[in-house]
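Numbered from 1 within each chain, the chains take letters A, B, ... in sequence-line order. None of these values were measured; they are calculated from a predicted model.
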Amino acid sequence: MEIRAPQAWPTTEAAALAVQAELRPQVRAVPLGSRPRTLAGLDVAYAGAHGSADDEVAAAVVVLDAETLEPIEQATAVGKAGFPYIPGLFAFRELPVLLRALEQLTVTPDVFLCDGQGLAHPRRFGLACHLGVLTGRPTLGVAKTPLLGEWSEPDAERGSTADVTDGGGVVARVVRTQTGVKPVTVSIGHLIDLDDATDVVLRAAPRYRLPETTRLADRLCRDALQGVADATGVKSA
DNA sequence: GCGACAG
DNA sequence: ATCTTGTCGC
């Protein structure tokens, strides 16, 4: 798919903050126009994981049929993170390589499920929002742990939710995707609203805590990273 | 100032 | 994120 990626990515914290400030106003919270037919899962794996800019990274995107959750297409990309891990500036570490994986897709997914936050971010511009603005497509964030906000514990049954508020507004929703398991944090990225985002996540996670999109992308990027290690001559069992 | 902090 | 075996439970 076509993507308008930045000519150059920021390498300093100040430059990254400036990019977020510039793009944040473009985020739109609106209902999905129609039922999504395809869902894309994105994830990145790290080698070393010291959180430094020169960590080796592998990104993966997996497109699934929204109804059957069966894989339709997938792509990967590897490289250097290019930016250190700084909470709130997470996107500058994963987006560059993620976009290179997305460019290889021959189909354009209806909704992108990101591994991380969207609006539930210090400056209301997490990874999911950033990806949405750059692609112009609906995106949402589903995080395993919250980054900020206050909420009450949702009921134990699958489907139970509780709004997450921060700074006086609702920025996300904790969603119990499976009965008795720790809820995930869902927030909008772009061109979707919280109700639709919650619905998409619940339908994508019929069996496990994390959506099938995330699970498959996680497996794929880990394999891709291992593939780099093998080609580099790193011994393994 | 100190600690926390998506992955 | 990643380093890592076994173990408790459905």
Side-chain angles (χ1 to χ4, degrees), chain A residues 9 13 16-17 19-20 24 27 41-61 76-99 101 112-132 139-151 156-158 164 166-167 171-175 177-190 197 201 207-211 213-226 228-229 234-237:
Chain A
W9 289 89
E13 188 166 345
L17 289 171
V19 169
Q20 293 188 327
R24 184 183 66 181
V27 172
L42 309 165
D43 195 21
V44 175
Y46 299 84
H50 292 175
S52 71
D54 47 36
D55 283 336
E56 204 71 44
V57 297
V61 54
T76 63
V78 297
K80 294 286 187 179
F83 202 90
Y85 172 66
I86 300 174
L89 297 179
F90 183 50
F92 298 94
R93 197 168 159 70
E94 302 203 335
L95 278 184
V97 65
L98 277 173
L99 292 183
F112 290 86
L113 286 75
C114 301
D115 196 11
Q117 317 290 348
L119 248 204
H121 175 278
R123 293 169 294 282
R124 303 293 180 266
F125 197 69
L127 171 67
C129 297
H130 203 147
L131 179 70
T139 60
L140 64 85
V142 50
K144 294 180 285 297
T145 61
L147 176 58
L148 50 77
E150 304 176 346
W151 64 94
E157 293 67 41
R158 164 180 155 78
V164 176
D166 182 68
V171 298
R173 193 123 78 193
V174 284
V175 179
T177 54
Q178 296 301 319
T179 299
V181 305
K182 177 183 177 181
V184 295
T185 302
V186 176
S187 58
I188 69 163
H190 186 46
V201 170
R207 171 107 200 256
Y208 301 100
R209 176 164 97 113
L210 298 179
T213 42
T214 302
R215 289 166 49 78
L216 292 177
D218 179 78
R219 268 184 32 185
L220 187 57
C221 64
R222 290 199 194 203
D223 290 346
L225 191 60
Q226 185 56 53
V228 175
V234 178
K235 297 178 181 178
S236 65

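Taking the charged nitrogens against the carboxylate oxygens, A:Arg219 and A:Asp223 have no contact shorter than 4.0 Å, which rules out a salt bridge.
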**Asked** Where along nucleotides 3-10 of chain C does protein come under 4.0 Å, by heavy atom, of base (B) or sugar-phosphate alone (S), with - for untouched nucleotides?
**Response** --------

**Message:** Output one letter per nucleotide in nucleotides 2-7 of chain B: B when a protein non-hydrogen atom lies under 4.0 Å from the base, S when only the sugar-phosphate is that close, - when neither is.
**Reply:** ---BBB

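Rounded to an integer number of Å, the gap from A:Leu225 CG to C:dA1 C1' is 11 Å.
Ring-plane geometry between A:Phe83 and A:Phe92 is classed as tilted, the angle between the planes lying from 30 to 60 degrees on a 0 to 90 degree scale. The aromatic rings of A:Tyr85 and A:Phe90 sit perpendicular to each other, their planes meeting at more than 60°, with 30° as the lower class boundary.
A donor-acceptor pair is defined here as one N or O able to donate and one able to accept, closer than 3.5 Å; no such pair exists between the side chain of A:Glu157 and the backbone of A:Thr179. Put simply, the side chain of A:Ser187 gets close to the backbone of A:Gly118: a donor and an acceptor are under 3.5 Å apart. With hydrogens and angles ignored, the 3.5 Å screen pairs a side-chain donor or acceptor of A:Thr139 with a backbone N or O of A:His190. A:Thr177 places a side-chain N or O within donor-acceptor distance of the main-chain N or O of A:Arg209, the cut-off being under 3.5 Å.
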Acceptor/donor pairs from residues 122-129 of chain A side chains to any protein atom, 3.5 angstrom cut, sequence neighbours excluded:
unit_1   : atom_1 : unit_2   : atom_2 : d
A:Arg123 : NE     : A:Gln20  : OE1    : 2.7
A:Arg123 : NH2    : A:Gln20  : OE1    : 3.0
A:Arg123 : NH2    : A:Gly88  : O      : 3.0
A:Arg124 : NH1    : A:His121 : O      : 2.6
A:Arg124 : NH1    : A:Asp166 : OD2    : 3.3
A:Arg124 : NH2    : A:Asp166 : O      : 3.0
A:Arg124 : NH2    : A:Asp166 : OD2    : 2.8

